[in-house]
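Lettering of chains follows the sequences in order, A, B, ..., and the numbering in each one begins at 1. On a predicted model such as this, the values are computed, not experimentally measured, just so you know.
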Number of protein chains: 2
Amino acid sequence: MTYCVAIKVDAGLIFCSDSRTNAGVDQVSTYSKMYHFGITGDRQLVINSAGNLATTQSVIAKIRKDIKDGADVSLATVESIHDAADYVGEISIAIQEKHAQHNTNVSFEASFLLGGQIGTEPPAVMLIYPQGNHITSSDQTPYLQIGESKYGKPILDRILKPDTGLDTASLCALVSMDSTMKSNLTVGPPIELMTYATNSGVTQHSIFEADNQYLRELTKSWDRLIVEAFLQLPPVGFIPST
Amino acid sequence: MTYCVAIKVDAGLIFCSDSRTNAGVDQVSTYSKMYHFGITGDRQLVINSAGNLATTQSVIAKIRKDIKDGADVSLATVESIHDAADYVGEISIAIQEKHAQHNTNVSFEASFLLGGQIGTEPPAVMLIYPQGNHITSSDQTPYLQIGESKYGKPILDRILKPDTGLDTASLCALVSMDSTMKSNLTVGPPIELMTYATNSGVTQHSIFEADNQYLRELTKSWDRLIVEAFLQLPPVGFIPST
């Protein structure tokens with residue numbers, strides 16, 4: 001399994017991904033799910049991936065090959081994040097269909113988060129479904145998730161607004177990841193965080209290993225703070241039974 | 001969809017259920033999923049249900065009929081919570097198989113939480129799977145869930161211990177329900193709470209309607225307290241990029 005979240009606030013974009021892959025409980029590996037494609041002064045693009053590892057690796061390989069070969073359509077040439085999502089969706093569909101020709105019992109599905117800024121267009125994030133179509137975020141829902149998304153959703157709903165700062169949004173992504181790791185064994189470190197400040201033209205990439213001191217302190221603090229918050233709730237007021 | 005949670009602590013048992021059922025988004029109804037079977041001085045049993053509404057209603061009807069008819073095996077005669085779970089599991093399987101004879105495209109599956117105390121046996125809770133088999137809780141995991149369980153799981157993991165008091169466990173169940181309702185439209189009020197203090201021989205039943213003042217205050221307080229807790233977290237400490 002996997003958990004990735006992409007956040008779009010006015011101040012910029014945040015991407016956060018775990019690094020655990022598994023095919024059964026005894027075949028667990030560590031793979032980064034964070035990919036960066038940038039042309040200094042022109043565009044910064046980030047992709048997170050979830051789903052069949054063979055599919056996601058093939059998709060990323062094809063994206064890289066198109067850039068290297070100077071293809072007419074590639075992440076180096078598309079004119080908007082929307083076109084970038086179309087392009088990645090088409091590659092994903094083609095690879096899934098190729099694999100499915102020989103085997104219909106296995107799911108070759110993959111999902112992607114894609115975001116960034118191209119030229120002076122506003123930054124955007126997209127969720128690309130296994131079917132190749134995609135959605136973007138909104139002011140009411142300033143984030144997108146792929147993989148094991150439920151455990152980490154409540155904190156995103158409570159904290160994120162369009163005017164949330166990048167540091168707060170980063171922290172929110174990490175807390176969302178922490179809740180997910182606590183509840184699902186197939187989501188695990190290293191945790192990667194990629195931040196992009198609107199119009200900055202530069203991404204900042206951080207990797208938190210399992211023994212990272214900040215991550216451990218964050219987990220411990222959140223545990224304690226949640227319990228303290230819980231203890232401040234109004235005691236249960238029973239109402240008459242029917 | 002549905003969300004029900006059953007908690008077993010040393011002090012007793014807590015059951016909490018929502019009341020929304022849906023077959024498509026335009027066929028939404030309100031049905032209680034909380035059932036009580038008690039013989040004063042002898043046993044107190046509670047059942048929560050999730051899944052196909054026709055199946056769960058037929059199972060409850062059969063349980064009631066067996067008690068009324070004085071059947072050899074019924075919730076009035078079983079000698080342990082384990083035997084009660086076996087009995088309910090067998091009824092559930094029989095009803096699912098009956099319906100599936102004529103239609104294999106629809107899921108007739110149902111899950112149940114069953115718990116209580118029989119005579120001087122220790123109280124216990126069981127989760128009965130659609131396959132009719134069942135599991136009980138443990139000191140490490142003093143709760144069981146059916147339905148839409150992921151959103152409300154983190155708070156249960158953080159708060160519940162065997163020595164948690166009944167009031168705190170009730171509050172924890174309501175907060176777990178609140179997180180679930182916030183994230184999933186198909187889980188909704190009225191919220192029912194059934195508490196049983198070990199060896200008391202009496203259950204207490206509370207119903208919180210959508211406009212219940214306590215429930216609204218709880219939701220508002222929890223929203224505020226979570227945000228306050230979040231703001232006390234250590235600020236993101238970026239580590240050097242690779």
Side-chain angles (χ1 to χ4, degrees), chain A residues 32 148-159 166-175 178-180 182-184 190 192-195 203-209 212-215 217-218 220-242, chain B residues 32 148-159 166-175 178-180 182-184 190 192-195 203-209 212-215 217-218 220-242:
Chain A
S32 173
E148 181 59 76
S149 61
K150 292 188 180 184
Y151 301 113
K153 184 172 182 291
I155 192 68
L156 302 172
D157 286 330
R158 288 183 202 276
I159 300 294
L166 278 189
D167 278 357
T168 303
S170 298
L171 186 56
C172 188
L174 289 176
V175 171
D178 178 61
S179 297
T180 309
K182 200 175 169 74
S183 290
N184 190 311
E192 294 189 63
L193 197 67
M194 188 85 85
T195 60
T203 55
Q204 185 172 3
H205 183 205
S206 306
I207 301 179
F208 301 86
E209 303 285 344
N212 177 272
Q213 203 183 333
Y214 174 73
L215 206 62
E217 198 191 323
L218 184 69
K220 226 172 96 181
S221 300
W222 189 235
D223 251 343
R224 179 177 52 78
L225 288 164
I226 288 282
V227 174
E228 283 174 13
F230 181 84
L231 294 174
Q232 290 175 58
L233 283 171
V236 175
F238 283 101
I239 58 172
S241 69
T242 51
Chain B
S32 172
E148 182 58 77
S149 62
K150 293 187 180 186
Y151 301 112
K153 184 172 181 291
I155 192 67
L156 302 172
D157 286 330
R158 288 184 202 275
I159 300 294
L166 277 189
D167 278 357
T168 303
S170 299
L171 186 55
C172 189
L174 289 177
V175 171
D178 178 61
S179 298
T180 309
K182 199 174 169 73
S183 291
N184 190 311
E192 294 189 63
L193 196 67
M194 188 86 83
T195 60
T203 55
Q204 185 172 2
H205 183 205
S206 305
I207 301 179
F208 301 86
E209 302 285 344
N212 178 272
Q213 201 182 336
Y214 174 73
L215 207 61
E217 196 190 324
L218 184 68
K220 226 172 96 181
S221 302
W222 188 234
D223 252 343
R224 179 178 53 77
L225 287 164
I226 287 283
V227 173
E228 284 174 11
F230 180 83
L231 294 174
Q232 290 174 58
L233 282 171
V236 175
F238 283 101
I239 58 171
S241 69
T242 51

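The minimum heavy-atom distance between B:L225 and A:A229, with the atom names listed, is CD1-O, 3.3 Å. Here the closest non-hydrogen pair linking B:R158 and A:V227 is O-CG2, 4.1 Å. The two atoms that bring B:L233 and A:S221 nearest to each other are CD2-CB, 3.8 Å, heavy atoms only. The heavy-atom pair separating B:Y151 from A:K150 by the smallest distance is CD2-O, 3.2 Å. Pairing each heavy atom of A:I226 with each of B:W222, the nearest pair is O-CH2, 4.0 Å.
Neither the backbone nor the side chain of B:T180 has a heavy atom closer than 4.5 Å to any heavy atom of chain A. Only the backbone of B:P235 comes within less than 4.5 Å of a heavy atom in chain A; its side chain stays farther off. Using a 4.5 Å cut-off between heavy atoms, A:L215 makes no contact with chain B at all. Of the two parts of B:D157, only the side chain, counted from C-beta on, holds a non-hydrogen atom closer than 4.5 Å to a non-hydrogen atom of chain A. With a threshold of 4.5 angstrom between heavy atoms, B:E192 does not approach chain A through any atom at all.
With values rounded to the nearest 0.5 angstrom, A:F230 atom CZ is found 4.0 Å from B:L171 atom CG. With rounding to the nearest 0.5 angstrom, the CD1 atom of B:I159 is 6.5 Å from the CG atom of A:L231. To the nearest 0.5 Å, atom CZ of residue B:R224 and atom CD of residue A:Q232 are 7.5 Å apart.
At a threshold of 4.5 Å between non-hydrogen side-chain atoms, the residues A:Y214 and B:V236 count as touching.
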